J.: 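Take this structure, written in structure tokens, and hold onto it; I'll ask about it next.
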Amino acid sequence: MPSAPGLFELMYVSTLAPDEDPGIVAAIAAHARLANEMLGVTGLLVYDGHRFAQHLEGSEEAVTALYARIEADTRHTAVNLRHHGACGHRRYPQFSMGFSDIGNASALQELEGLSGAAALAAFAGIRNTVELLYI
């Protein structure tokens with residue numbers, strides 16, 4: 001399928017900063033939902049109690065600017081870009097930011113070693129098994 005004109009996707013993995021309270025994660029997701037809506041960005045944030053994995057989609061300008069802010073955010077460390085590029089369609093058209101706290105401290109560990117299509121496929125496998133807590 002050819003990519004939709006101007007549609008860009010990005011997926012990264014990061015780790016909650018050691019001095020951060022895990023209770024902040026729901027607040028991060030709530031803020032992201034509102035900010036993403038204004039930017040025309042959709043996506044899914046998954047948290048395993050230790051790591052984040054987030055898949056974002058929208059215009060390249062909006063997604064890359066958002067990622068720059070994410071990289072600078074001190075609430076998490078080891079921000080590691082796993083995939084980026086043009087995409088054919090939105091995977092999350094129904095919400096600006098889906099969120100799932102899967103509570104398994106090693107669920108996202110595999111993603112840290114994957115990139116490109118392999119990282120997207122692994123994230124899709126996780127996405128298909130999680131319960132969205134916040135839409």
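Keep in mind that what you see is a predicted model, and the values were worked out from it rather than measured. Worth knowing before you read on, the calculation uses all heavy atoms, side chains too, and leaves out hydrogens, waters and symmetry mates.
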J.: Closer than 3.5 angstrom, by distance alone: can the side chain of S100 be matched with the main-chain N or O of V130 as a donor-acceptor pair?
T.: no
J.: Please assess Q54 against L44 for the test side chain to side chain contact (heavy atoms under 4.5 Å, CB included), listing each intermediate value before the final yes or no.
T.: CA-CA 6 Å; Q54 187 168 24; L44 175 62; over 6 Å; no
J.: With distance as the sole criterion, is a donor-acceptor pair present between the side chains of E9 and H84 under 3.5 Å?
T.: no
J.: Would you tell me whether H55 and Y92 have side-chain atoms, one donor and one acceptor, within less than 3.5 Å of each other?
T.: yes
J.: With a 4.5 Å heavy-atom cut-off, do L56 and I70 have their side chains touching?
T.: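 Heavy-atom side-chain distance check passes, below 4.5 Å.
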J.: Are any of the side-chain heavy atoms of H50 and T15 separated by less than 4.5 Å?
T.: yes
J.: Around atom CD of E110, are there more than 12 heavy atoms of other residues, nucleotides or ligands at under 6.0 Å?
T.: no
J.: Compare every heavy atom of G58 with every heavy atom of V63, then report the nearest pair and how far apart it is.
T.: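 It is CG2-N, 3.5 Å.
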J.: Got a sec: does the CD of E61 have more than 12 other heavy atoms crowding it under 6.0 Å?
T.: no
J.: Search all heavy atoms of P18 against all heavy atoms of T77 and return the closest pair with its distance.
T.: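 Smallest interatomic distance, heavy atoms only, reads CD-CG2, 4.5 Å.
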J.: Would you say the side chain of M97 lies within less than 4.5 Å of the side chain of L45, judging by non-hydrogen atoms?
T.: yes
J.: Which heavy atom in A119 sits nearest to a heavy atom in L111, and how many Å separate them?
T.: O-CD2, 3.5 Å
J.: Give the minimum heavy-atom separation between C87 and F8, together with the two atoms involved.
T.: SG-C, 4.0 Å
J.: Which atom names give the shortest non-hydrogen contact between M11 and F123, and what distance separates them?
T.: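 For M11 versus F123, the nearest heavy atoms are SD-CB, 3.5 Å.
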J.: Given side chains that start at C-beta, do those of Y47 and L16 come closer than 4.5 Å, heavy atoms only?
T.: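 Answer yes - side chains close enough.
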J.: Classify the ring geometry of H76 against Y12: parallel below 30°, tilted from 30° to 60°, perpendicular beyond 60°.
T.: tilted
J.: With sequence neighbours left out, which residue pairs that include part of residues 78-90 fulfil the salt bridge (charged side-chain N to carboxylate O under 4.0 Å, His left out) condition?
T.: none
J.: Could you pull out the closest heavy-atom pair between N36 and L66, with the gap in Å?
T.: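 So the two residues come closest at OD1-CD2, 3.4 Å.
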